[in-house]
Amino acid sequence: MTLEILFQDEHLVAVNKPAGLLVHRTNLAKDEEDAVVQRLRDQTGKWVFPVHRLDRGTSGVLVMAFSPEVARRLSAQFAESKTQKIYHCLVRGYCDETGVIDYPLAKLNEQKGRSRFKIEGTEREAETSFTRLSQYLLPIPVSRYDSMRLSWLEVTPKQGRKHQIRRHFKHHLNPLVGDSCYGCRHINKVVKEIWKEDFRLMLHASSLEFTHPITEQVITLKADISDKITNTLNKLECYRT
């Protein structure tokens, strides 16, 4: 239950958030009481205030503040795209060696029990750069195809729109493996069967760089990739092309 602390001083605390854990309690998961905010409060003995967010299924670097003012000042850096974020993800299909997805994202209506849809007129610019690190060809039939192609990517979102990486790669026709909202159900069904307990959303926030809102020091934080993702990549190594 103890979170891995990557950085802590009197103003901020950063952790390597595990996949499956909420950042804070939400009406979309009313029965779920476990969350990063609650764990850190117990772990540090202080109240903590969210600065940014990671999706429940995403692991990696997450920063929180020990006061609302520090949280507000650091959140402004995220809102103004003054932070540097690096993610790693596994997607369906082969991607170019490098690329940029420049596609505005609208807010989504996500009322529980209703189909998700875009709210017209709320589009905001969103840009995501990526570099392909490796690609794989598995001799496993998926839907109408006789094999499965996958790409392991390093990804840098310029902004931090909600679900930006997941929505951008869906738009790019390379949805993330293990993504139940925007992913490919055919891929997810197959990989869940073959990876079993290692099946998860294949998205990790590996690195975050920002300016400390009090000391003005540049802080660079890195979070090790989770065991489940590492196990999966090891299994894929023999299929690298």
Query raised in the report: Asp179 pairs by side-chain hydrogen bond (donor to acceptor under 3.5 Å, both in side chains) with which of Arg166, Arg167, Arg185, Arg200?
Result: Arg166
Query raised in the report: Has Glu197 got more than 12 heavy atoms of other residues, nucleotides or ligands less than 6.0 Å from its CD?
Result: yes
Query raised in the report: How would you list all residue pairs meeting ring-ring contact (aromatic ring centres under 6.0 Å, His included) that involve residues 222-241, not counting sequence neighbours?
Result: none
Report task. Could you check if a side-chain atom of Arg72 sits within less than 4.5 angstrom of a side-chain atom of Val51, using non-hydrogen atoms only? Result -> no
Report summary line: The complete set of ring-ring contact (aromatic ring centres under 6.0 Å, His included) pairs with one or both residues in residues 120-147, sequence neighbours excluded, reads Phe130-Phe169, Phe130-His172
Query raised in the report: Do any N or O atoms from the side chain of Thr230 and from the backbone of Ser226 form a donor-acceptor pair under 3.5 angstrom?
Result: yes
**Report entry** Test side chain to side chain contact (heavy atoms under 4.5 Å, CB included) applied to Leu3 and Gln43, step by step
**Finding:** CA-CA 8 Å; Leu3 294 170; Gln43 201 167 325; 3.6 Å; yes
Report task. Show the numbers, then the answer: is there a side chain to side chain contact (heavy atoms under 4.5 Å, CB included) between Lys85 and Thr156? Result -> CA-CA 6 Å; Lys85 296 168 283 186; Thr156 304; 5.7 Å; no
Requested in this report: For Asn234, look at atom CG and say whether over 12 heavy atoms of other residues, nucleotides or ligands are found less than 6.0 Å away.
Outcome: yes
**Report entry** 4.5 Å side-chain heavy-atom contact, Cys95 and Val91
**Finding:** yes
Query raised in the report: Under 4.5 Å between any side-chain heavy atoms of Leu208 and Gln84, yes or no?
Result: no
Query raised in the report: Of all residues at least two apart in sequence or in a different chain, which pass the salt bridge (Lys or Arg N to Asp or Glu O under 4.0 Å) check with Glu123?
Result: none
Report task. Go through the structure and list residues passing side-chain contact (heavy atoms from CB on, under 4.5 Å) with Ser143, not counting sequence neighbours. Result -> His186
Report task. Identify the heavy atoms of Ala223 and His204 that sit nearest to each other, and give their distance. Result -> O-NE2, 2.9 Å
Pair up each side-chain donor or acceptor in residues 6-14 with any protein partner under 3.5 Å, not counting sequence neighbours, and list the distances.
{"unit_1": "Asp9", "atom_1": "OD1", "unit_2": "His11", "atom_2": "N", "d": "2.8"}
{"unit_1": "Asp9", "atom_1": "OD1", "unit_2": "Leu12", "atom_2": "N", "d": "2.8"}
{"unit_1": "Asp9", "atom_1": "OD2", "unit_2": "His212", "atom_2": "NE2", "d": "2.7"}

Requested in this report: Kindly compute the distance separating CG (Leu90) from CE (Met202), expressed to the nearest 0.5 Å.
Outcome: 4.5 Å
Query raised in the report: Residues two or more places apart in sequence or in another chain: which of them pass salt bridge (Lys or Arg N to Asp or Glu O under 4.0 Å) with Lys158?
Result: none
Query raised in the report: Can we say Asp55 and Lys162 salt-bridge, meaning some charged N sits less than 4.0 Å from an Asp/Glu carboxylate O?
Result: no
Report task. Begin with the C-alpha distance, continue with both residues' side-chain angles, and end with the deciding distance and a verdict on side chain to side chain contact (heavy atoms under 4.5 Å, CB included) for Gln159 and Thr128. Result -> CA-CA 8 Å; Gln159 299 81 11; Thr128 302; 6.0 Å; no
Requested in this report: May I ask whether Leu54 and Met64 are part of the same hydrophobic cluster, defined by side-chain heavy atoms of I, L, V, M, F, W, Y residues being less than 4.5 angstrom apart, directly or through others?
Outcome: yes
Requested in this report: Compare all side-chain heavy atoms of Ile214 with those of Glu69 and state whether any distance is below 4.5 angstrom.
Outcome: no
Report summary line: So OG1 of Thr83 and CD of Glu209: to nearest 0.5 Å the spacing works out to 9.5 Å
Query raised in the report: So which pairs with a foot in residues 168-178 pass salt bridge (charged side-chain N to carboxylate O under 4.0 Å, His left out), sequence neighbours left out?
Result: none
Query - Beyond-backbone contact of Arg41 with Lys46, side-chain heavy atoms, under 4.5 angstrom - result: no
Report summary line: With sequence neighbours left out, the residues meeting side-chain contact (heavy atoms from CB on, under 4.5 Å) with Thr211 are Gln77, Glu216, Val218
Query raised in the report: How close do Val155 and Cys89 get, heavy atom to heavy atom, and via which atoms?
Result: CG2-SG, 3.6 Å
Report summary line: What one should report as the nearest heavy-atom pair of Glu154 and Ile86 is CG-CG2, 3.6 Å
Query raised in the report: Is there a side-chain contact between Leu105 and His168, using heavy atoms and a 4.5 Å cut-off?
Result: yes
**Report entry** For Tyr94, the rest of its hydrophobic cluster, which grows through side-chain links under 4.5 angstrom
**Finding:** Leu137
Query raised in the report: Say you draw a straight line from CZ of Arg56 to CG of Leu22; how long is it, rounded to the nearest 0.5 Å?
Result: 4.0 Å
Report task. Hey, could you give me the CG/SG distance between Leu176 and Cys181, rounded to the nearest 0.5 Å? Result -> 11.5 Å
Query raised in the report: Can you list every ring-ring contact (aromatic ring centres under 6.0 Å, His included) pair that touches residues 48-71, not counting sequence neighbours?
Result: His52-Phe78
Query - Contact summary for Pro50 and His24, nearest pair of heavy atoms - result: CG-CD2, 4.2 Å
Query - Min side-chain heavy-atom separation Arg39-Asp34 under 4.5 Å - result: yes
Report summary line: Nearest heavy-atom contact between Ala71 and Ala65 is N-CB, 3.5 Å
Query raised in the report: Between the side chain of Ser206 and the main-chain N/O of Tyr87, is any donor-acceptor distance below 3.5 Å?
Result: no
Requested in this report: Name all residues meeting the ring pair (Phe, Tyr, Trp, His ring centres under 6.0 Å) criterion together with Trp195; count only those two or more places apart in sequence or in a different chain, and write none if there are none.
Outcome: none
Query - Close side-chain approach of Lys17 and Ser59, heavy atoms under 4.5 Å - result: no
Report summary line: Taking every heavy atom of Val100 against every heavy atom of Ser129, the minimum-distance pair comes out as CG2-OG, 3.8 Å
**Report entry** Leu150 CG to Ser134 OG distance, which is reported to the nearest 0.5 Å
**Finding:** 9.5 Å
Query raised in the report: Say you draw a straight line from CG of Asp198 to NZ of Lys192; how long is it, rounded to the nearest 0.5 Å?
Result: 13.5 Å
Query raised in the report: For Ala76, what residues pass the side-chain contact (heavy atoms from CB on, under 4.5 Å) criterion, not counting sequence neighbours?
Result: Glu80
